[in-house]
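Heads up, the thing below is written out as structure tokens.
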2 protein chains.
Amino acid sequence: MTVIFSKKCEYGLQAVLYLAAKEVGGIVSADEIAKKLNIPKEFVSKILQNLTESGIINSKKGKSGGFSLAKHPANIRLIDVVAAIDGLGIFSTCVLGFPNCSPDHPCPLHEKWGALRTSAYNMLTEQTLDQLKEKTLHKIAHLEA
Amino acid sequence: MTVIFSKKCEYGLQAVLYLAAKEVGGIVSADEIAKKLNIPKEFVSKILQNLTESGIINSKKGKSGGFSLAKHPANIRLIDVVAAIDGLGIFSTCVLGFPNCSPDHPCPLHEKWGALRTSAYNMLTEQTLDQLKEKTLHKIAHLEA
DNA sequence: TCTAAATCAGATTATTTTATCTGGTTAAAG
DNA sequence: CTTTAACCAGATAAAATAATCTGATTTAGA
């Protein structure tokens with residue numbers, strides 16, 4: 001099998017989208033996120049810790065604690081989450097795994113893949129959490145089915 | 001880090017491109033492929049065996065044996081190699097890892113990602129080994145640098 | 001015929017990724 | 001002040017991927 005984002009990154013994206021779909025500033029526990037998204041709790045907790053270190057979300061300790069977005073959802077782009085978890089290597093390394101793939105020594109797919117990759121990068125840069133709120137709410141509503 | 005194709009698939013693509021860059025019908029040993037592409041020999045051997053089972057390449061045993069394309073390079077598409085090694089799951093599973101991602105219950109990126117994914121699929125379907133021969137030769141020429 | 005060079009098949013090892021566990025710290029609420 | 005529900009930190013385990021090893025078989029050529 002092949003992958004675009006690591007599981008960590010997929011879960012991280014799901015989690016921040018979930019946070020954004022709740023009220024702004026709302027605090028949500030890792031337990032709730034894990035249950036609603038069907039993600040292993042311990043795993044998502046670790047990911048949420050990472051995102052807290054990255055400054056994308058805030059954490060509140062102690063009883064009735066949990067996580068909330070660190071910025072307004074209009075100011076959190078999907079690419080920020082990807083960069084924090086998987087890094088941006090996917091947008092620069094050679095799709096065929098050739099070394100030194102560059103305009104000077106391009107791999108056979110350099111141009112064609114580069115164009116697609118740029119489109120993907122731009123899309124992830126344009127899409128912010130607030131723009132996806134409605135769609136996220138719809139998706140979440142159908143998760144138990 | 002994140003990945004598009006598995007290492008197996010990257011190496012497999014490199015290997016068939018290499019075979020196509022050599023004369024049609026030419027036989028190349030796993031050893032040569034491994035050395036030229038800087039791929040672990042035992043690993044690429046296994047991959048070449050897989051591609052032989054898939055009918056993409058032929059193998060010849062014994063002394064002066066090796067591998068050659070099973071069809072004319074104009075009839076081998078990159079998507080064929082990807083399908084044989086990684087499968088086509090990447091073109092159907094949800095980029096965010098949500099379950100049941102479909103037109104009925106789309107994830108927040110369903111449409112936008114779907115468009116990009118289709119472009120990628122089409123590109124890999126259109127590109128055949130012969131079309132990439134010149135570019136492959138150029139890339140190979142600069143691999144030792 | 002014998003040897004060398006190659007593929008083939010299956011097992012094994014190493015590394016990375018994914019997931020879990022254990023115990024500690026924090027803080028709200030009674 | 002004590003309990004409880006949460007995050008936190010680091011270790012560990014499990015699974016998947018990447019890589020290697022061992023020995024067998026095949027075949028061209030001296």
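All chains are named by letter (A, B, ...) in the order of the sequence lines, taking the proteins before the strands, and each is independently numbered beginning at 1.
Per the geometry, CZ belonging to Phe67(B) stands 13 Å off C1' belonging to dT26(D), to the nearest Å. Put simply, CG on Leu51(A) is 13 Å from P on dC7(D), counting in whole angstrom units. dT13(C) atom C1' lies 13 Å from atom CD of Glu42(B), rounded to whole Å. Counting to the nearest Å, the C1' atom of dT18(C) and the CD1 atom of Ile39(A) are 13 Å from each other. Atom CG in Asp31(B) sits about 12 Å away from atom C1' in dT7(C), given to the nearest Å. If you measure from atom NZ of Lys7(B) to atom C1' of dT17(C), you get 15 Å, rounded to the nearest angstrom. The interatomic distance linking Asn50(A) (CG) with dG10(D) (P) rounds to 12 Å, in whole Å. One interatomic measurement links the two molecules: CD1 of Ile27(A) to P of dC7(D), which rounds to 10 Å at whole-angstrom precision.
Close to dA5(C), at under 4.0 Å from its OP1 or OP2, lies no side-chain N or O of Ser29(B). Checking the phosphate oxygens (OP1, OP2) of dA27(C), no side-chain nitrogen or oxygen of Ser64(A) falls inside 4.0 Å.
Among the atoms of the strands shown, only primed sugar atoms or phosphate atoms (P, OP1, OP2) are found under 4.0 Å from some heavy atom of Gly65(A). Within the 4.0 angstrom heavy-atom criterion, base atoms lie near Lys46(A).
Taking 4.0 Å as the cut-off between side-chain N and carboxylate O, Glu32(A) and Lys35(A) do not count as a salt-bridged pair.
Taking the six-membered ring where tryptophan is involved, the planes of Tyr11(A) and Phe43(A) are perpendicular, since the angle between them exceeds 60° and thus also 30°. Between Trp113(B) and Phe5(A), the ring-plane angle classifies as tilted under the 30° and 60° cut-offs.
Asp86(B) and Ser6(B) form a side-chain donor-acceptor contact under 3.5 Å, judged by distance and modelled atom types alone.
When side chains are defined from C-beta on, His105(B) counts as touching Lys139(A), because their heavy atoms get closer than 4.5 Å.
Among dA18(D), dA19(C), dA9(C), the nucleotide with an atom closest to any side-chain atom of Phe43(B) is dA18(D). In this structure, the nucleotide among dA18(D), dT20(C), dA19(C) sitting nearest to the side chain of Lys8(B) is dA18(D).
The residue among Thr52(B) and Lys63(A) whose nearest nucleotide of DNA chain C lies closer to the 5′ end is Thr52(B).
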